[in-house]
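In this text, all values refer to a predicted model and were calculated from it rather than measured experimentally. Only heavy atoms go into these numbers, but all of them, side chains included; no hydrogens, no water, no symmetry mates. Starting from 1, each residue takes its place in the sequence as its number.
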Amino acid sequence: VDYVRKKCNIKTQVAFYTEKSLKEAWQSYEEMIYEQIKTKIAKFLSDLHGENWLPDKERGSPNDYVDDMTSYLNVILISLSELSVHYIDSCFKDAIKFTTKTFAEIIFNSEYVKNYNFYGIANLKTDIDALEKYFNNLGSKYKGFDKCLFPIKNMIEKIYYEKKIEEFHN
């Protein structure tokens with residue numbers, strides 16, 4: 001804006017409206033990007049709707065949606081690298097919050113998860129651990145995924161370790 005103002009010798013009032021319009025356009029652009037990211041994350045997590053919560057054994061590795069989602073987030077991070085650091089930080093912190101909120105809505109919704117067994121919980125634990133590792137590897141500024149998922153992780157840990165203790169005693 002300052003560059004345009006100097007080069008074009010724009011009067012102050014016109015420059016003010018130009019700057020305001022540019023800021024509004026930029027803010028609208030940032031909101032559009034974030035909405036697209038949320039839509040894509042929701043699509044990845046919607047795979048949980050069809051998850052087999054009563055499997056016969058543990059998968060041993062994260063579900064495909066975890067790999068797809070982290071690959072997508074890596075592309076977004078690279079694509080946004082030209083934008084302000086503040087925006088990238090804000091965007092990823094919001095993505096973490098949205099991911100954990102959506103996880104909780106699915107996991108605690110009896111419409112999607114009617115019954116589950118130990119292996120279903122173990123598979124969910126594997127997925128969450130992989131996502132947590134991904135966000136932690138991005139750097140300390142993106143930590144918080146684990147705190148946001150505390151209620152889900154608490155439930156998982158309780159079921160998971162109760163089963164392990166039961167197996168140990170038998």
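- One distance of note links OG1 of T102 with CG of L45; it measures 6.0 Å at 0.5 Å rounding.
- Distance check: N123 CG to I128 CD1 gives 11.5 Å after rounding to the nearest 0.5 Å.
- Proximity of Y72 to D68: side-chain heavy atoms (C-beta onward) are nowhere separated by under 4.5 Å.
- Hydrophobic clustering of Ile, Leu, Val, Met, Phe, Trp and Tyr side chains at less than 4.5 Å, counting indirect connections, keeps V75 apart from L131.
- The main-chain N or O of A95 is found under 3.5 Å from a side-chain atom of T99 such that the two form a donor-acceptor pair.
- For the residue pair A130 and P62, the shortest heavy atom distance occurs at CB-CG, 3.5 Å.
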> Would K133 and D129 count as a salt bridge (Lys or Arg N to Asp or Glu O under 4.0 Å) if you check the C-alpha gap in whole Å, the side-chain angles of each, and the deciding distance to 0.1 Å?
Replying inline: CA-CA 6 Å; K133 182 179 177 184; D129 289 347; over 6 Å; no
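- Between the side chain of N63 and the backbone N or O of V66, no donor-acceptor pair lies under 3.5 Å.
- For the atom pair CD (E51) and CG (D47), the distance works out to 8.5 Å, reported to the nearest 0.5 Å.
- Put simply, the side chain of Y134 never gets that close to the backbone of M69: no donor and acceptor are under 3.5 Å apart.
- Of the inter-residue distances, the one linking D64 atom CG with F44 atom CZ reads 11.0 Å to the nearest 0.5 angstrom.
- Note that OH of Y119 is 7.0 Å distant from CD of E58, once rounded to the nearest 0.5 Å.
- Side-chain contact check for I76 versus I37: some heavy-atom pair is nearer than 4.5 Å.
- With contacts defined as side-chain heavy-atom distances shorter than 4.5 Å, the pair N117/D56 does not qualify.
- Evaluation of the side chain to side chain donor-acceptor pair (under 3.5 Å) rule for D127 yields R59, Y65 as partners, not counting sequence neighbours.
- N115 places no side-chain N or O within donor-acceptor distance of the main-chain N or O of W53, the cut-off being under 3.5 Å.
- Following chains of ILVMFWY side-chain contacts shorter than 4.5 Å, one can reach F98 starting from M32, so the two form part of one hydrophobic cluster.
- In this structure, E132 CD and N137 CG are separated by 10.5 Å, a value rounded to the nearest 0.5 Å.
- L124 has its side chain out of reach of Y116: every pair of non-hydrogen atoms, C-beta onward, lies at least 4.5 Å apart.
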